[in-house]
Amino acid sequence: MAGAAFRPAGDYRSSYAADTRIFDTAAGRWWCLGAVAALCLLPVVSETTGFDLKYELSLLIQIGYLGIAALGLNILVGFTGQISIGHAAFFGFGAFASPFLNNNFGIPVFFAVPLAGVMATAAGMLFGIPAARLKGLYLAIATLAAQFILQDFFGRADWFSGGTHGAPAAPFTVFGVAFDTDASFFYVVLAWVVLLYLAAANLMRTRDGRALVAVRDHYLSAEMMGINLTKYRTMSFGISAFYAGIGGALYAHYLGFVSVEGFTILFSIQFLGMIIIGGLGSIMGTLMGTAFMVLLPEVMDGLTGTLAGTRIDLALGLKENLAYLREVAIGVTIILFLVFEPDGLAHRWRQIKAYWKLYPFSY
Amino acid sequence: MDWALLLQLVVNGLIVGALYGVVAMCFVLIYKASQVVNFAQGEFVLIGAWVCWFFLTKYQIPFVWGFLLTLAFMVAFGVLVQIVVLRPMIGEPVISVIMVTIGLSIVFQATMKWAFGVFAQPFPPIFAQESVTVLGLEVRTVYLVSLFVSLGIMGGFAYFFKATRMGLAMRATAFDQQVAQSLGISIRTVFAMAWAISAAVSAVAGVVVGVVNGVSSALSFIGIKVFPAVILGGLDSIVGGVLGGVIIGLLENLAHFVDSQWLHWGNMIEIAPFWVLIVILMIKPYGLFGTRDIERV
């Protein structure tokens with residue numbers, strides 16, 4: 001995999017098959033399967049036993065749909081090296097597209113979600129056309145414009161998004177069974193997360209995936225090797241918008257209502273924060289970064305809760321300004337990670353694993 | 001056709017455009033000197049306005065002193081930001097540098113909301129006379145002064161880069177950092193100076209807009225509007241930045257005029273610059289005066 005640059009000594013690969021394996025070790029594969037199985041049990045535990053895990057489930061669902069969208073952004077930024085500051089707009093596009101298809105054309109939600117992804121892909125490719133010619137900061141500025149134009153479009157297009165009133169979204173249903181509680185919707189999100197993360201991991205093992213990485217590492221050399229830059233840059237935009245669209249659609253059907261205010265530039269920056277914290281160009285890192293970003297406000301809440309009534313609280317007015325405190329925390333975390341740990345949590349995690357693998361002789 | 005409205009909007013556009021031009025100039029200055037795309041430029045504008053407002057209302061000092069104190073504060077602030085946050089990022093990829101300034105922008109934005117609230121606060125009255133008549137047109141004094149301030153800043157920049165030692169050193173650094181270094185120019189000083197000047201001059205724009213409309217977090221939107229201006233003018237051209245700012249200011253007001261007269265779509269004043277931005281990036285990504293960078297491998 002692409003993230004295998006950091007590997008302990010003694011770990012040799014002797015065939016291409018070994019080098020492109022998704023999981024480095026059998027143990028890693030079993031751990032992953034075990035984790036998914038454990039997550040499957042979680043709603044059952046919450047429903048049947050005394051433990052009330054509703055809140056934890058809702059957090060996990062959030063991590064799920066945001067993680068899908070963040071993975072899309074990581075494919076664009078981390079694997080292809082194209083920066084986008086308009087990801088929330090595509091997320092929003094998906095969030096509106098799925099209820100739009102469902103409410104207006106009667107397409108079942110089950111099919112509306114992937115179709116919303118396809119519609120977001122189309123929108124992404126449209127804004128990806130300038131991307132084919134631009135790179136670096138020019139692209140960042142182009143996507144910034146896309147963010148504002150799409151945001152304006154949501155507020156304007158009554159037929160699509162319900163304008164300022166927002167759009168209602170029906171619950172997810174399969175064969176008449178509605179997945180309208182946290183416990184049941186959790187399985188929907190989990191299924192999509194597993195599917196899309198596996199798809200991304202596999203994409204990186206294909207010719208196309210390697211082409212994306214080549215475009216990132218040195219686009220001129222890539223072009224000389226016969227990689228069609230225009231095609232892969234636009235494609236990467238499309239894939240990223242597809243993931244964002246799916247994430248957005250799941251978000252819409254989870255909340256049951258989509259309003260136009262949610263998809264601001266700050267949300268886009270949060271997505272960028274997730275992949276930077278998690279690690280650019282790391283698939284599992286994306287999930288870690290998303291979890292970090294979702295749990296950060298929770299930690300902040302806890303912190304202000306413990307500080308409540310103390311002198312610090314009174315001096316700074318923490319309770320009333322919690323929203324700004326979160327924004328500050330997000331910004332500071334992004335800066336700290338970029339300055340001190342540019343490779344993100346995924347890199348840290350690999351270091352920890354490598355350390356324990358060779359413990360106590362670290363050489 | 002409503003000629004009075006058109007004239008009013010054109011005048012508005014010129015004044016707002018001049019302010020965009022000033023901020024765009026600051027943006028280009030940082031980009032030229034230290035190759036950093038500063039997404040926190042709008043927050044410099046915002047911070048400048050709030051700090052000046054704070055000095056004036058909290059300590060009741062005369063405007064001139066408050067203004068000078070603000071400038072001093074912003075110089076220190078710009079240098080501090082450069083040293084603490086941007087210096088470790090030298091040599092990092094473009095994406096990381098962009099992300100750091102985006103991070104800075106949301107930190108500043110949220111801190112300002114935290115410290116001063118979200119509601120617009122009016123400046124204490126500064127001019128005795130509310131409005132003056134120029135060529136038969138009623139113009140508010142603040143607007144006139146802001147136009148002159150903008151022109152003054154632009155003139156100052158021109159002099160600074162043409163005639164002073166520091167300005168020449170900056171131009172040399174922008175041209176080639178290694179050569180400049182070998183000529184004995186301290187790159188660190190140049191970077192710090194660029195950030196200091198940029199922060200201080202942005203603050204001037206912030207104070208001017210604050211005096212006109214009151215201070216609120218919406219001020220930092222100038223920092224976003226700067227992007228269409230600098231892309232139109234060319235990212236690394238100071239003249240381009242100024243011209244781009246004026247054109248964008250005029251253009252958004254004309255878009256507003258067309259919209260209010262015929263189209264009735266609403267919100268054109270906010271969104272038209274971004275359509276322009278996309279179009280420019282498609283047909284002429286280096287803008288009017290920008291240098292087309294040639295890559296050698």
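Predicted model only: the values in this text are computed from it and were never measured. Side-chain atoms are counted along with the backbone in the values below, which use heavy atoms only and exclude waters and symmetry mates.
For B/I283, the part lying near chain A is the backbone, with the side chain staying farther off; criterion is any non-hydrogen pair under 4.5 Å. Using a 4.5 Å cut-off between heavy atoms, B/I98 touches chain A through its side chain atoms alone. Proximity to chain B is limited to the side chain of A/F127, based on heavy atoms less than 4.5 angstrom apart. For a residue to count as touching a neighbouring chain, one of its non-hydrogen atoms must lie under 4.5 Å from one of that chain's; by this rule B/V100 touches chain A with backbone and side chain alike. Of the two parts of B/I280, neither the backbone nor the side chain holds a non-hydrogen atom closer than 4.5 Å to a non-hydrogen atom of chain A. Of the two parts of B/F108, neither the backbone nor the side chain holds a non-hydrogen atom closer than 4.5 Å to a non-hydrogen atom of chain A. In this structure, chain B has no heavy atom under 4.5 Å from any part of A/L139. Contacts of B/M99 with chain A are made by both backbone and side-chain atoms, with heavy-atom separations under 4.5 Å.
Between the A/H87 side chain and the A/A69 main chain, a donor and an acceptor come within less than 3.5 Å of each other. Listed for the B/S220 side chain is no donor-acceptor partner under 3.5 Å among the backbone atoms of B/V45. With hydrogens and angles disregarded, a donor-acceptor distance shorter than 3.5 Å links the side chain of B/S216 to the backbone of B/A218.
Here B/S96 is the residue among B/S96, B/P228, B/P273, B/P88 with the most heavy-atom pairs under 4.5 Å with chain A. Per-residue counts of heavy-atom pairs under 4.5 Å with chain A were compared for B/V85, B/T101, B/I224, B/V97; the largest is that of B/I224. Interface remark: of the candidates A/I149, A/I83, A/V339, A/I334, A/I149 forms the most heavy-atom pairs closer than 4.5 Å to chain B.
Remark: B/K32 engages no residue in a salt bridge (Lys or Arg N to Asp or Glu O under 4.0 Å) (not counting sequence neighbours).
For a heavy-atom cut-off of 4.5 Å, chain B lies close to A/L266, A/I269, A/L272 in residues 261-272 of chain A.
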For the pair B/F274 and B/F227, evaluate ring-ring contact (aromatic ring centres under 6.0 Å, His included) and give the outcome as yes or no after the intermediate values.
CA-CA 9 Å; B/F274 296 108; B/F227 287 109; 8.9 Å; no
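A perpendicular orientation is assigned to the rings of B/F77 and B/F44, their planes being inclined by more than 60° (bins at 30° and 60°). Relative orientation of the A/F153 and A/F160 rings is tilted, given thresholds of 30° and 60° on the angle between their planes. Between B/Y59 and B/F54, the angle of the ring planes goes over 60°, which puts this pair in the perpendicular group of the 30/60° scheme.
Counting only heavy atoms from C-beta outward, the side chains of B/M112 and B/S217 never approach each other to under 4.5 Å. Counting only heavy atoms from C-beta outward, the side chains of A/N74 and A/Y243 never approach each other to under 4.5 Å.
The number of heavy atoms from other shown groups lying within 6.0 Å of CZ (B/R188) does not exceed 12.
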